[in-house]
2 protein chains.
Amino acid sequence: MKYLKKLRNSGLRPTKQRLQICEVLFDTEKTFHFTINDLVKKINKQSNNKISLATVYNTVHAFEKKGYLKQIPINSSQTYFDTNISDHHHFYDLKEEKLIDLDNSDIGPINILKKISGKKIKSVEVLVKLED
Amino acid sequence: MKYLKKLRNSGLRPTKQRLQICEVLFDTEKTFHFTINDLVKKINKQSNNKISLATVYNTVHAFEKKGYLKQIPINSSQTYFDTNISDHHHFYDLKEEKLIDLDNSDIGPINILKKISGKKIKSVEVLVKLED
DNA sequence: TTGTACTTTATAATGATTCTAAAAAGGAGT
DNA sequence: ACTCCTTTTTAGAATCATTATAAAGTACAA
Ligand SMILES: [Mn+2]
Ligand SMILES: [Mn+2]
Ligand SMILES: [Zn+2]
Ligand SMILES: [Zn+2]
């Protein structure tokens, strides 16, 4: 099992639900963006074992907390997640309601000149909205 | 009435609810960030006329569509709006759950090198998450 | 003033997400 | 394998921000 160690190292018990979700999320050529609903569909397509919705939510949040997923800041009725955990940014196609990766190299370096005392920067995320 | 013309020019009838909401939103020294709940509280503090929740939602969305408000892309349980409609960016203090403006001058120019054919850029927004 | 389109409102509906609490499963130690 | 304890899963209920409904009220052009 490919993801046993990953889960154990994270202090997450490698249950069959988590292993299956790992396969759907991480056994792919390319990274991708998804909502919880997208993920449930993928799970059901991949195998006949249903995983309860609560478990899908729990697992996604557990993976996010461990840094295996990123949440994308966007105003949508559903929360978007990203299996691409590298520093990068996004186009958001308003018409298609689709996210597109923007590599760091697609944007010049970003320099935050303002400082807030007692706080440090955790992340810098750029969202570029696209219209026709 | 200070906002009659503004509303008429927008094709929005200047009802007393809209005028009151204009006062709360735009009769201020500084711009600010708010959720619908914040706004309802401000309205109730300012006068005894209650405005129905549906009207607050309708009005905020009408003003956003007209460009008098901006929605801030952030993952929160409530949608944040901004009376500062200039091009600018945000710190988000994760601990305090507060937004702080980042002027364009606080960030160097942002150059989006990647192009998507048939699409044009509508907005570029940077969200900087802060932790302790 | 009258007609009509727009607006407000109370209320219900929606839908994503979280909560609950009981059953199931993982795993360390024996 | 058995025990014991903790973690996890699960169905279903609850939450809650937001949107829809449709009836009553209002703005305003003619
Ligand atoms: Mn979440
Ligand atoms: Mn909205
Ligand atoms: Zn991405
Ligand atoms: Zn702002």
Side-chain angles (χ1 to χ4, degrees), chain A residues 1 3-25 33-44 47-66 68-69 71-81 97, chain B residues 1 3-25 33-44 47-66 68-69 71-81 97:
Chain A
M1 298 296 184
Y3 299 105
L4 266 176
K5 193 178 292 176
K6 177 176 185 144
L7 290 171
R8 284 234 174 80
N9 287 346
S10 316
L12 297 171
R13 288 184 180 172
T15 64
K16 65 179 195 301
Q17 291 86 350
R18 284 173 176 163
L19 289 167
Q20 189 184 343
I21 292 173
C22 276
E23 285 176 16
V24 173
L25 290 178
H33 307 115
F34 66 94
T35 64
I36 295 290
N37 263 324
D38 295 337
L39 180 54
V40 168
K41 278 182 206 153
K42 275 186 206 266
I43 290 165
N44 292 337
S47 89
N48 290 322
N49 319 326
K50 308 292 177 213
I51 299 178
S52 82
L53 185 59
T55 296
V56 177
Y57 273 98
N58 288 341
T59 301
V60 165
H61 285 133
F63 287 1
E64 187 203 5
K65 189 168 289 181
K66 295 299 179 184
Y68 302 143
L69 291 173
Q71 202 177 327
I72 301 173
I74 195 177
N75 289 114
S76 166
S77 56
Q78 293 179 89
T79 302
Y80 274 86
F81 293 91
E97 299 186 328
Chain B
M1 299 293 184
Y3 299 105
L4 266 176
K5 192 177 293 176
K6 176 176 185 143
L7 290 172
R8 284 236 174 78
N9 287 344
S10 316
L12 297 172
R13 289 183 180 172
T15 64
K16 66 178 194 302
Q17 291 87 348
R18 284 173 175 163
L19 288 166
Q20 189 185 342
I21 292 175
C22 276
E23 285 177 17
V24 173
L25 291 178
H33 307 117
F34 66 93
T35 64
I36 296 289
N37 264 324
D38 295 336
L39 180 54
V40 168
K41 280 182 204 153
K42 274 185 208 267
I43 290 166
N44 292 337
S47 90
N48 291 321
N49 318 327
K50 308 294 176 211
I51 299 177
S52 83
L53 186 59
T55 297
V56 177
Y57 272 98
N58 287 342
T59 302
V60 165
H61 285 133
F63 287 2
E64 187 203 4
K65 189 167 289 182
K66 295 300 178 183
Y68 302 144
L69 292 173
Q71 204 177 326
I72 301 172
I74 194 176
N75 288 114
S76 166
S77 55
Q78 293 180 94
T79 302
Y80 274 85
F81 293 92
E97 298 187 328

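Throughout, a chain's letter reflects where its sequence line sits, starting with A, and its residues are numbered from 1. Values below: all heavy atoms of this structure, side chains included; hydrogens, waters and symmetry mates excluded.
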Side chain of [X]: nearest nucleotide among [options]?
{"X": "Asn58(A)", "options": "dT8(C), dT9(D), dA16(C)", "value": "dT9(D)"}
{"X": "Tyr57(A)", "options": "dT10(D), dT17(C), dT18(D)", "value": "dT17(C)"}
{"X": "Ile36(A)", "options": "dA17(D), dT17(C), dT10(D)", "value": "dT17(C)"}

Contacts of [X] that satisfy side chain to side chain donor-acceptor pair (under 3.5 Å) - sequence neighbours left out:
{"X": "Tyr68(A)", "answer": "Ser10(A)"}
{"X": "Ser76(B)", "answer": "none"}
{"X": "Gln78(B)", "answer": "Asn37(B)"}
{"X": "Asn75(B)", "answer": "none"}

Do you know which two heavy atoms are closest between [X] and [Y], and how far apart they sit?
{"X": "Leu53(B)", "Y": "Ile36(B)", "value": "CD1-CG2, 4.0 Å"}
{"X": "Glu64(B)", "Y": "Phe81(B)", "value": "OE1-CE2, 4.0 Å"}
{"X": "Ile72(B)", "Y": "His33(B)", "value": "CD1-CD2, 3.5 Å"}
{"X": "Ile74(B)", "Y": "Pro73(A)", "value": "CA-CB, 4.3 Å"}

Between [atom2] of [N] and [atom1] of [X], the distance in whole Å:
{"X": "Leu7(B)", "N": "dC6(C)", "atom1": "CG", "atom2": "P", "answer": "16 Å"}
{"X": "His61(A)", "N": "dT8(D)", "atom1": "NE2", "atom2": "P", "answer": "16 Å"}
{"X": "Asn75(B)", "N": "dT18(C)", "atom1": "CG", "atom2": "P", "answer": "11 Å"}
{"X": "Lys65(B)", "N": "dT19(D)", "atom1": "NZ", "atom2": "P", "answer": "11 Å"}
{"X": "Ile43(B)", "N": "dT9(C)", "atom1": "CD1", "atom2": "P", "answer": "10 Å"}
{"X": "Ile21(A)", "N": "dT8(D)", "atom1": "CD1", "atom2": "C1'", "answer": "12 Å"}
{"X": "Ile51(A)", "N": "dA25(C)", "atom1": "CD1", "atom2": "P", "answer": "14 Å"}
{"X": "Leu53(A)", "N": "dT9(D)", "atom1": "CG", "atom2": "C1'", "answer": "12 Å"}

Discussion item. Run the side-chain contact (heavy atoms from CB on, under 4.5 Å) test against Lys42(A) and tell me which residues pass, sequence neighbours left out.
Written reply: Val24(A), Phe32(A)
Discussion item. With side-chain hydrogen bond (donor to acceptor under 3.5 Å, both in side chains) as the rule and sequence neighbours excluded, what pairs involving residues 47-58 of chain A come up?
Written reply: Gln20(A)-Ser47(A), Ser52(A)-Thr55(A)
Fill in: Any Phe63(A) side-chain heavy atom under 4.5 Å of Leu7(A) side chain
yes
Worksheet item: Mind checking whether Leu12(A) and Tyr3(A) have side chains closer than 4.5 Å, heavy atoms only?
Response: no
Worksheet item: Is the backbone of Arg13(B) close enough, under 3.5 Å, to the side chain of Arg18(B) for a donor and an acceptor to pair up by distance?
Response: yes
Item to complete: To the nearest 0.5 Å, tell me how far Thr59(B) OG1 sits from Ile43(B) CD1.
Response: 8.0 Å
Name the pairs: protein N/O against N/O of nucleotides 12-15 of chain D, kept only if under 3.5 Å.
none

Item to complete: To the nearest 10°, let me know how far the axis at one end of the helix from dT1(C)-dA30(D) to dT30(C)-dA1(D) is tilted from the axis at the other, five pairs an end.
Response: 30°
Discussion item. So, OP1 or OP2 of dT18(D): does either fall under 4.0 Å of a side-chain N or O from Thr79(B)?
Written reply: yes
Worksheet item: Does OP1 or OP2 of dT26(D) have a side-chain N or O of Gln17(B) closer than 4.0 Å?
Response: no
Sub-3.5 Å pairs of nitrogen or oxygen atoms, protein against nucleotides 22-24 of chain D:
none

Practice prompt. Using a heavy-atom cut-off of under 4.0 Å over every strand shown, decide if Thr55(B) touches base, sugar-phosphate, or nothing.
Written response: base
Report all interatomic pairs (protein N or O, nucleotide N or O of nucleotides 27-30 of chain D) with separations under 3.5 Å.
from	atom 1	to	atom 2	distance (Å)
dA27(D)	N3	Arg13(B)	NH1	3.3
dC28(D)	OP1	Arg8(B)	NE	3.1
dC28(D)	OP1	Arg8(B)	NH2	3.2
dC28(D)	OP2	Arg8(B)	NH2	3.2

